[in-house]
*Asks:* 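If you scroll down you'll find the structure; I have some questions about it.
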Amino acid sequence: QVQLVESGGGLAQTGGSLRLSCVASRLTFSNYVMGWFRQAPGKEREFVAAITGYGEVTRYADSVKDRSTISRDNAKNTVYLQMNSLKPEDTAVYYCGAAPTWRAYASRASYNYWGQGTQVTVSA
């Protein structure tokens, strides 16, 4: 079955950077919109960023815009999230998801497949 595996999380200091990766298998990667979401303790999973199948369009949540870059390498079936100027409020489990269309790219319901998540912790 389709598998998404995130990596790159960890502990960072405020103002630091992290690069998250998500490798997909058993799907035609370029056919899918890829998104990053995050879930902090006691909160719902929220949209972070999304990218179209060939990377021509990207969108970001206001909370990470100007600090983050989503990109993809279709040859490697991998989507990335570069996060800079990290803040304690960025602390969460980060999930990547795959959606068949760009419609409602910021909605969790649009995504058919999810990874297991990678923990990001930003210390003050």
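All of these numbers come straight from a predicted model, not from anything done at the bench. Positions are given from 1 along the sequence.
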*Asks:* Is Ser110 reaching over with its side chain to a backbone N or O of Ala104, donor-acceptor style, under 3.5 angstrom?
*Replies:*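 Confirmed, Ser110 side chain pairs with Ala104 backbone.
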
*Asks:* For Glu46, is the CD atom crowded, meaning more than 12 foreign heavy atoms sit under 6.0 Å from it?
*Replies:*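 Result for CD/Glu46: enclosed.
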
*Asks:* Okay, side chain of Arg38, backbone of Val93: is any donor-acceptor separation there less than 3.5 Å?
*Replies:*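 Here the side-chain-to-backbone pair does not exist.
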
*Asks:* Under 3.5 Å, is there a donor-acceptor pair linking the side chains of Ser17 and Asn84?
*Replies:*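 Note: Ser17 and Asn84 side chains meet the donor-acceptor criterion.
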
*Asks:* Which residue pairs pass the ring-ring contact (aromatic ring centres under 6.0 Å, His included) test when at least one of the two sits in residues 67-100, sequence neighbours left out?
*Replies:*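 Of all non-adjacent pairs touching residues 67-100, none passes ring-ring contact (aromatic ring centres under 6.0 Å, His included).
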
*Asks:* With clusters defined by side-chain heavy atoms of hydrophobic residues (ILVMFWY) lying less than 4.5 Å apart, directly or transitively, does Val33 cluster with Val2?
*Replies:*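 The answer is no; the residues belong to distinct hydrophobic clusters.
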
*Asks:* Give a yes or no answer on whether the side chain of Tyr60 reaches the backbone of Ile70 with a donor-acceptor pair at less than 3.5 Å.
*Replies:*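 Present.
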
*Asks:* Among the clusters formed by ILVMFWY side chains lying less than 4.5 Å apart, do Leu4 and Tyr105 turn up in the same one?
*Replies:*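 No, separate clusters.
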
*Asks:* So Met83 and Arg19, side-chain contact (heavy atoms from CB on, under 4.5 Å) or not? Walk me through it.
*Replies:* CA-CA 6 Å; Met83 300 184 66; Arg19 188 194 196 203; over 6 Å; no

*Asks:* Indicate yes or no for a side-chain donor-acceptor contact from Glu56 to the backbone of Tyr54 under 3.5 Å, with no hydrogens or angles considered.
*Replies:*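 Side chain of Glu56 to backbone of Tyr54: a pair is present.
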
*Asks:* Would Lys65 and Asp62 count as a salt bridge (Lys or Arg N to Asp or Glu O under 4.0 Å) here? Give the steps.
*Replies:* CA-CA 5 Å; Lys65 192 166 48 178; Asp62 287 343; 3.2 Å; yes

*Asks:* Could you walk me through whether Thr118 and Leu20 pass the side-chain contact (heavy atoms from CB on, under 4.5 Å) check?
*Replies:* CA-CA 8 Å; Thr118 185; Leu20 307 183; 4.1 Å; yes

*Asks:* May I have all residue pairs that pass disulfide bond (SG atoms under 2.5 Å apart) and include part of residues 74-124, sequence neighbours excluded?
*Replies:*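 Every disulfide bond (SG atoms under 2.5 Å apart) pair that includes a residue of residues 74-124, provided the two are not neighbours, is Cys22-Cys96.
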
*Asks:* If the plane angle is over 60° it's perpendicular, under 30° parallel, otherwise tilted; pick one for Tyr111 and Trp114.
*Replies:*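 Taking Trp114 first and then Tyr111, their aromatic rings sit tilted (interplane angle of 30° to 60°).
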
*Asks:* Establish whether Val64 and Phe47 are linked, either directly or via other cluster members, by ILVMFWY side-chain heavy-atom contacts under 4.5 Å.
*Replies:*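 No; Phe47 is not reachable from Val64 via cluster members.
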
*Asks:* Is the backbone N or O of Gln1 less than 3.5 Å from a side-chain atom of Arg26, with the two atoms forming a donor-acceptor pair by type?
*Replies:*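 It does hold such a pair.
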
*Asks:* Counting distance only, does the side-chain N/O of Arg72 pair as donor-acceptor with the main-chain N or O of Phe29 below 3.5 Å?
*Replies:*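 Such a contact is found between Arg72 side chain and Phe29 backbone.
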
*Asks:* Using the rule that two of Ile, Leu, Val, Met, Phe, Trp, Tyr join whenever any of their side-chain heavy atoms come within less than 4.5 Å, decide whether Val79 and Phe37 are in one cluster.
*Replies:*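 No, it is not one cluster - the side chains of Val79 and Phe37 are not joined through contacts under 4.5 Å.
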
*Asks:* May I ask you to decide if Val122's main-chain N or O and Thr91's side chain share a donor-acceptor pair within less than 3.5 Å?
*Replies:*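 Yes, Thr91 side chain to Val122 backbone: donor-acceptor pair under 3.5 Å.
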
*Asks:* Checking Thr14 side chain against Ser123 main chain: does a donor-acceptor pair fall under 3.5 Å?
*Replies:*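 Answer holds: yes.
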
*Asks:* Is a donor on one side and an acceptor on the other found under 3.5 Å between the side chain of Thr52 and the backbone of Val57?
*Replies:*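 Yes, Thr52 side chain to Val57 backbone: donor-acceptor pair under 3.5 Å.
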
*Asks:* Under the salt bridge (charged side-chain N to carboxylate O under 4.0 Å, His left out) definition, can you give me all pairs with a residue in residues 101-124, not counting sequence neighbours?
*Replies:*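 Every salt bridge (charged side-chain N to carboxylate O under 4.0 Å, His left out) pair that includes a residue of residues 101-124, provided the two are not neighbours, is Glu44-Arg108.
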
